[in-house]
Amino acid sequence: MSDYLAKLNPEQREAVETLDGPLLVLAGAGTGKTRVLTTRFAHILMSGKARPWEVLAVTFTNKAAREMRERVAHILGRPVEGLWLGTFHALCARMLRRHAELVGLKSSFTILDADDQLRLLKQVMEAERVDLKRWPAQGMMAIIQRWKDRGLTPARVTPAEDTDYAANRGRALYEAYQERLRALNAADFGDLLLHMTEILRTHPEVLADYHRAFRYILVDEYQDTNLVQYYWLRLLAQRPDPQPQNICCVGDDDQSIYSWRGAEIENILRFEKDFRGAKIVRLEANYRSTRPILGAASGLIARNTGRLGKTLRPGRNDADGEKVRVVSLWDSEEEARMVGERIESLRRSGHSLNEVAILVRAGFQTRSFEERLIVLGLPYRVVGGLKFYERAEIRDAMAYLRVLNQPADDLAFERIVNTPKRGLGESGMRALHELARAERIPLHDAAARITEGDALKPKPRNALRELIQGFARWRQVNAKEGHVVAAATVLEESGYTAMWQADRSPEAPGRLENLKELLRAMGEFQNLAGFLDHVALVMENDENAEGERLQIMTLHAAKGLEFDTVFLPGWEEGLFPSQRSLDEGGEKSLEEERRLAYVGITRARKHAIISHAANRRIYGNWSPAIPSRFLDELPEEMIMREGASASRGMRDTPSVFGGGGLLARRPRVIEAGAWEVKERPAHSASFARGERVFHDKFGYGTVLQVEDDRLEVAFDKADTKRVLDRFLRKASEA
DNA sequence: AGTTGGGGCATTTTT
DNA sequence: TGCCCCAACT
């Protein structure tokens, strides 16, 4: 027997070895889902059932795709070429490049990011004279995305679907938006799936090609698929008899937490009906967490109805462990202090900070913890900050490259035509737009034409001519010397680099550094088009992971991760479960919140500390908070209560905090006063450039500029910020 | 063209 | 309470 199979337990082996016919693998948290998926992939190749390019393997994130690629290569002992392994979007983009003309695009189409999408839709709506005050473009975007999620092209949207926006003009706006995309030779993220599904639906010969091509299909996180992804998969999987439908979906209905993004939990619940003769394998042996953690999570999730049903059991013999802590606190400040203290003590006892995470329900909760951790000097990282590709300088540079690649990319052209400043103001842009619209030509071509006449003042006219001539030249550089040289030349000759060099702001050097990084990254790609696709689809987060850091992130962001110690703060009615889910979605969305709680608890290997506060500041005002109903749903024998909840029944308003435990140690009065430290009296000391200072919120930093009472400070653990001197202390006094 | 101040808004987010 | 976006200044 191959040794990669020997490492599996019986149920995992069944999931790997059941190669023929539809298979659903219900993989509970920590049951070796990724191992099964990658081993199955390798097993298909090793057993000779298919060649690498005959397997279609789909994930949701680039990270998951990368991981699968690496692990398959590891099992096989060599890298594998020619795989159809990637995210839904990347795979669809690849396919769509082959068939673009079937939906009115050219193979060279541009993939727009969220920002471009919204700007384009705004333009469309303005042109259609929609009152954007009354009907924000965001709302229309959301509707269009939901339609795309459900596989609805404008033609497939029925009047009954089109009732809740801009006096039933939603469908018309959607159609106009799609026309604009086509005119720009562009596709948004939703289009990648939508167009490909539409092609497979309406072009049997294309579908038949793919039926022949893919003998096996593997899908990760099936519970997160939306309808259009489901249609796409089903079309590809439902091969005509006698060819077997070898689709294997791996997922966990208990971890479906993305319905608000269009995911349909019904997809996984319905699997057996969709695919004749489907087999279901349950992975229930958990190798990650201790017995109490599993017991707490299982007890909680058992309250949900409409599950496929599965019970985690400890897969290791040493799985006994500490009970899940449920800590009651007076207010959110005290909660942050409690978490900080425990992390400090963990660190003192040799615990790695990389193995600690604080998982919150909503982004704004991270702040109180950040503030506390800065004061304590504990290094942390907030997952999900600004991404590399989202930074202004990168987006600008990308826009230059997009115009280089495709002159008709109006969105990109518009972004850079006056960056750096070329003296093109509102009137100049209007003239340009009018010419482009009148002649039905791209802005780039209109710009070339307009410099021939005298519609523009001399300064912008000359600058614009230079830009257009520049692009012609740079395209030749691209053809002759490659995209990296071309990119460097573009940034240099367009004056873009010079713009940042002349910038006196403290961010400028970092931005120039980022541009260099961009050029470096380009070197890894064959050509410009390949690179642009990569950036559009593979939004890499260039977080520098160096050094030991604890992590703060949302529960959503934590799915798929694991840590020795997990803090789960803010378990209060209205916050978790969130008010909105209580108000709107009824029982269904409450169940999704419960799944989110389940995801949170099951992230912990050894220690889970859940907490709630009796008082929380909401939009500035303190208001009392009731413990989350989820706390009552945890099996009593799996948890250990601390603070008020230790001696009193839950769900009462915890007005009296007299119970034992850690929190009762200090008198309440001192607790309440402690946070007033913020209101420090104005500091008479003045600061000098280069001086080390301390800020309650941002921590230590160095003074860059002084203007009266306003200082510019480069903080060690935060960006450079402008702050008033009264919020600063000298580092030596901090 | 850049700054400033008022008003509206305030889960979760990947591609 | 705080942030972000837009509109109206200078």
Side-chain angles (χ1 to χ4, degrees), chain A residues 58-65 86-94 111-118 122 132-134 136-138 141-142 145 148-149 187-194 220-221 224-226 228-229 256-263 332 359-368 383-385 387 389-390 418-429 460 505 533-541 553-560 570 574-585 589 592-593 595-597 599-600 616-623 678 697 722:
Chain A
V58 198
T59 65
F60 271 87
T61 64
N62 294 299
K63 194 177 155 208
T87 63
F88 278 99
H89 296 270
L91 292 167
C92 280
R94 184 169 160 194
I111 299 166
L112 300 187
D113 64 25
D115 208 78
D116 289 327
Q117 289 170 36
L118 194 65
K122 263 188 195 159
L132 288 171
K133 290 257 169 54
R134 231 180 119 197
Q138 293 274 12
M141 195 76 247
Q145 271 165 3
K148 290 185 176 179
D149 285 344
D188 68 17
F189 285 122
D191 282 344
L192 298 173
L193 264 301
L194 184 71
D220 191 13
E221 306 276 20
D224 287 337
T225 50
N226 61 31
V228 73
Q229 289 161 339
S256 163
I257 55 174
Y258 283 111
S259 72
W260 49 274
R261 204 165 79 183
S332 39
L359 308 183
V360 297
R361 175 64 183 82
F364 66 82
Q365 290 173 268
T366 63
R367 220 168 101 182
S368 59
V383 175
K387 317 253 165 68
Y389 78 101
E390 283 171 343
N418 202 31
T419 309
K421 299 271 172 278
R422 296 190 171 88
L424 223 82
E426 203 186 327
S427 58
M429 281 309 290
S505 77
D533 255 22
H534 171 82
V535 177
L537 290 167
V538 187
M539 353 204 274
E540 285 295 352
N541 202 345
M553 67 185 94
T554 62
L555 287 161
H556 283 91
K559 195 171 77 147
L575 183 57
F576 191 35
S578 80
Q579 194 57 49
R580 254 177 77 172
S581 71
L582 293 172
D583 293 345
E584 297 172 2
S589 70
E592 180 150 317
E593 294 283 300
R595 291 194 289 270
L596 202 47
V599 166
R616 188 167 294 273
R617 200 155 39 182
I618 301 164
Y619 308 140
N621 305 320
W622 285 98
S623 47
K678 276 183 173 171
K697 193 164 148 193
R722 252 166 270 233

Rounded to the nearest 0.5 Å, what separates atom [atom1] in [X] from atom [atom2] in [Y]?
X       : Y       : atom1 : atom2 : result
F576(A) : L596(A) : CZ    : CG    : 4.5 Å
F189(A) : C92(A)  : CZ    : SG    : 12.5 Å
N226(A) : S259(A) : CG    : OG    : 12.0 Å

Is the shortest side-chain heavy-atom distance between [X] and [Y] below 4.5 Å?
X       : Y       : answer
K559(A) : T61(A)  : no
L537(A) : T87(A)  : no
L424(A) : M429(A) : yes
K148(A) : D191(A) : yes
Q117(A) : K122(A) : no

Tabulate atom names and distances for all N/O pairs under 3.5 angstrom spanning the protein and nucleotides 6-12 of chain B.
residue, atom, partner, partner atom, Å
dT12(B), OP1, G363(A), N, 2.6
dT12(B), O4', R361(A), NH1, 3.3
dT12(B), O2, W260(A), NE1, 3.3
dT12(B), O2, R361(A), NH2, 3.2

Nearest-Å distance, [atom1] ([X]) to [atom2] ([N])?
X       : N       : atom1 : atom2 : result
Q365(A) : dG2(C)  : CD    : P     : 17 Å
M141(A) : dT13(B) : CE    : C1'   : 14 Å
Q138(A) : dC4(C)  : CD    : P     : 14 Å

_Can you check the distance between dT12(B) and dC5(C), where both ends of the measurement are the P atom (answer in whole Å)?_
15 Å

- Given the P atoms of dT13(B) and dG2(C), what is the spacing between them in whole Å? 22 Å

Applying side chain to side chain contact (heavy atoms under 4.5 Å, CB included) to L582(A) and not counting sequence neighbours gives E573(A), P577(A), Q579(A), L590(A), R629(A)

Q. From the list dG2(B), dC3(C), dT15(B), which nucleotide is the closest neighbour of the side chain of K421(A)?
A.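 For K421(A), the side-chain atoms sit closest to dG2(B).
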
Practice prompt. State which of dT15(B), dG2(C), dT14(B) makes the closest approach to the side chain of R367(A).
Written response: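 Closest nucleotide to the R367(A) side chain: dG2(C).
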
**Message:** Would you say N62(A) places a side-chain N or O within less than 4.0 Å of OP1 or OP2 belonging to dT15(B)?
**Reply:**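 Yes, N62(A) has a side-chain N/O under 4.0 Å of OP1/OP2 on dT15(B).
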
Could you pull out the protein-nucleic contacts involving nucleotides 6-10 of chain C (nitrogen or oxygen on both sides, under 3.5 Å)?
residue, atom, partner, partner atom, Å
dC6(C), OP1, K122(A), NZ, 3.4

